[in-house]
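Note sheet for the following structure.
Residue numbering restarts at 1 for every chain, and letters A, B, ... go by the order of the sequence lines.
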Amino acid sequence: MINRFRQQQNFVSWLPFATLLQKEVRRFLRVSFQTLLTPIVTASLYLFVFGATLGQRISVMDDFSYAQFVVPGLVLMGVINNSFANTSSSLFISRYLGNIVDLLVTPLTPPQFILAYTLAAMLRGLLVGTVVLIISCFFADLPFVYPWAAAAMAALASFLFAQFGIIAAIYATNFDGLSMYNNFLILPLIYLGGVFYPVSILPPFWARLSHFNPMLYLIDGFRHAILGVGDLSLSTAFLVSGLMAAALFGWAAALLGSGYKLRL
Amino acid sequence: MMSSMTPALEINHLHKSFSGTKAVDDLSLSIEPGEIFGLLGPNGAGKSTTINMISGVARIDSGTVRIFGHDAERDYRLTRRLVGVMHQELVTDHFFTIDRALKIHAGYYGVRGDNAWRELLIERLGLGPHLHKSMMKLSGGLKRRFMVAKALIHKPQLLILDEPTAGVDVELRRALWEFVREMNQAGTTVLLTTHYLEEAEQMCNRIAIMSAGKLVALERTADLLARIEGRSMLLHLDSPLDQVPAALEALNGQLEDNGQKLRISLTGEVVMAEVLQLLVKLNLPIRDLELPRPGLEEVFLNLTGLQLTNRKGSPS
């Protein structure tokens, strides 16, 4: 016993980060029915309703069917919802159950902490998005005009909402409060942000108001990259989305760095 | 040479308040390497807050915490590897089994995991049969044992145990203390809090007592026990007395339990043989005789009570 204890172990500086990332990925894989399968089924139902049935009778864009129009929005919706859900639920449950102390007493740095939570959330969000995109091929023929831009926009959206999930988990005081962020902020902004219609078909006042909706830049940018056309230019979509992501990252990093509501 | 002089833990003028209420008020103490050090005090004395500041769970308002000479705030990446902490609350991650959780905890501390050490901990703490059970299915005692393993998985040099035996049955309590002693012999410095004062008496080289966030005593356990002046003799009587016999008033005789017991003070120059002769002469209906050993409890009550009196402004 004593001899074994005295054999010191070498410290591997990146291991705390890699362990937290691995733990976060294992966490959502352990409940994959809830974290992966459910959102994929939900998105597939949307695809069926808007792609194979109702979509046949709707036309919102010249040169593209409604299915082609709606698929990028639905894919990004899956990415956004699941990236947000991963960080927000994991961090909030840790706070709620008190096992966050297991992380607070370790040599993990705030950047390692935020990066591990973010990457796991991005993996879940992008995994759901990819599967929905593959399923959508049965409903719509997508041209993928700027594939790298589409991948970058999906990654940016998942990064951005992973940060927002961290922020929501820190500010929320109970599960009700946490669900408010999703039900009363993210969901309305997504629905009004051009998933189901191009904002250009709205009356001028509402179209201008829509430009204050941050979702518009992500959804329209992603759709533009896939279809080759959009209400906004790709550069505008990337610039605004990038600034939002940087601002939310700064906010989340400041909260985690200070230990606000995490450390006593 | 310097390292042997460096305290395992050095706390200087530590302060912490919650919403204006002082939880820890100007606490300073030092623990030598290899010690088993007890931190005692009533509920709300500031023990857990102190431990939380040492381990990084709570932010420090002012003052310093140094662990083996390293600042716990500035050099936290190093100091947190030197410390293993077992918190008072039963906290586990419900998503994982004991086996997985121990591997995860080793990783958090940046060590790949000494398998032989992990297996040794599992065996010594009797976790083997439960290794692949979900945390949710573990009993309170098993969770407590897992938390000990978790605190030790990275081989810390300073082990902090916050009420490790709260709600634990006698057998497990004895096994835990035996294990802690063994870890101490292996070179681990131990800081513990406990409500079981007799445990602190048996385990600790030195004891600090906190009350209302302040340190009210810090001495070797033997010195602290020696603070109790004098002893008493407790006589169990067959038939109750109405009043203390006049001959025993000089010995501060006091009746207890409706006259069923008579306590005599043995302070000062009292000669035991004379007391016994006096008792024989009085022909009291003595059924039994007890010489209670003054314990830490008396010291504890005395000191924390004294502190409360001081806070009310009485001279001391």
Side-chain angles (χ1 to χ4, degrees), chain A residues 1-32 34-35 86 89-91 93-113 116 120 256-264, chain B residues 16 18 23 48-49 52-59 76-85 87 89-96 100-101 103-114 116-117 119-121 123-124 134-135 147 150-152 154-155 157 160 179 182-183 185-188:
Chain A
M1 178 88 187
I2 291 177
N3 290 339
R4 195 73 233 173
F5 180 76
R6 285 185 180 151
Q7 283 183 15
Q8 283 306 307
Q9 306 169 98
N10 289 330
F11 175 67
V12 184
S13 61
W14 53 265
L15 198 56
F17 159 75
T19 305
L20 181 57
L21 172 59
Q22 189 195 41
K23 179 223 140 192
E24 280 300 296
V25 173
R26 279 180 187 276
R27 191 196 70 86
F28 79 71
L29 289 179
R30 264 191 76 89
V31 282
S32 52
Q34 181 198 330
T35 55
N86 208 66
S89 67
S90 178
L91 192 54
I93 288 170
S94 279
R95 273 187 60 208
Y96 186 78
L97 295 178
N99 60 37
I100 189 78
V101 296
D102 286 344
L103 295 177
L104 299 179
V105 299
T106 66
L108 271 163
T109 63
Q112 286 177 330
F113 193 112
L256 283 178
S258 69
Y260 178 72
K261 282 201 173 184
L262 295 177
R263 295 186 199 277
L264 300 172
Chain B
K16 179 74 184 176
F18 294 109
S48 291
T49 305
N52 284 339
M53 283 192 279
I54 298 166
S55 62
V57 175
R59 292 172 283 190
Y76 73 92
R77 295 192 73 195
L78 175 59
T79 59
R80 288 186 196 162
R81 276 155 45 204
L82 297 172
V83 175
V85 59
H87 294 283
E89 293 80 20
L90 285 175
V91 170
T92 50
D93 193 329
H94 291 184
F95 279 95
F96 301 107
R100 174 58 55 195
K103 285 175 183 161
I104 288 174
H105 280 279
Y108 283 159
Y109 285 96
V111 289
R112 285 188 192 280
D114 178 340
W117 173 243
E119 278 160 25
L120 204 60
L121 283 176
E123 183 205 317
R124 284 301 312 276
S134 159
M135 290 286 178
M147 285 171 69
K150 191 173 78 172
L152 285 166
H154 60 294
K155 302 181 182 176
Q157 291 180 38
I160 299 176
F179 188 67
E182 214 171 316
M183 289 305 306
Q185 279 158 12
T188 313

Practice item. Could you check which of B:Glu89, B:Lys150, B:Lys103 has the highest count of heavy-atom pairs closer than 4.5 Å to chain A? Key: B:Lys150
Review point. Relative to chain A, which of B:His105, B:His154, B:Arg81 shows the most heavy atom pairs under 4.5 Å?
Key: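 Ranked by contacts with chain A, first place is B:Arg81.
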What distance do [X] atom [atom1] and [Y] atom [atom2] have between them, rounded to the nearest 0.5 Å?
X	Y	atom1	atom2	result
B:Ser134	A:Arg30	OG	CZ	6.5 Å
A:Leu104	B:Tyr76	CG	OH	11.5 Å
B:Tyr108	A:Leu103	OH	CG	4.5 Å

Exercise for review: Heavy atoms only, distances under 4.5 angstrom: which of A:Gln112, A:Arg26, A:Gln22 has the most pairs with chain B? Name it, please.
Suggested key: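 Of the candidates given, the most pairs with chain B belong to A:Arg26.
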Review point. Which one of A:Asn99, A:Leu262, A:Val105 has the most heavy-atom pairs closer than 4.5 Å to chain B?
Key: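 Max contact count across the listed options: A:Val105.
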Distance-only, no hydrogens or angles: does the [X] side chain make a donor-acceptor pair with backbone N or O of [Y] under 3.5 Å?
X	Y	answer
A:Arg263	B:Asn52	no
B:Lys16	A:Leu264	yes
B:Arg80	A:Pro107	no

Practice item. Measure distances from B:Val57 to the heavy atoms of chain A and classify the residue's part below 4.5 Å as side chain, backbone, both or neither. Key: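 It is both, since atoms from each part get that close.
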Check your understanding: Considering only heavy atoms, which portion of A:Thr109 lies under 4.5 Å from any heavy atom of chain B: side chain, backbone, both, or neither?
Key -> both
Point to revise | Contacting moiety of A:Arg27, where chain B heavy atoms sit under 4.5 Å | key: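 When you check distances to chain B, atoms from both the backbone and side chain of A:Arg27 fall under 4.5 Å.
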Check your understanding: Please walk me through it: do B:His87 and A:Val101 pass side chain to side chain contact (heavy atoms under 4.5 Å, CB included)?
Key -> CA-CA 9 Å; B:His87 294 283; A:Val101 296; 3.9 Å; yes
Check your understanding: Does atom CZ of B:Phe96 have more than 12 heavy-atom neighbours, drawn from other residues, nucleotides or ligands, at distances under 6.0 Å?
Key -> yes
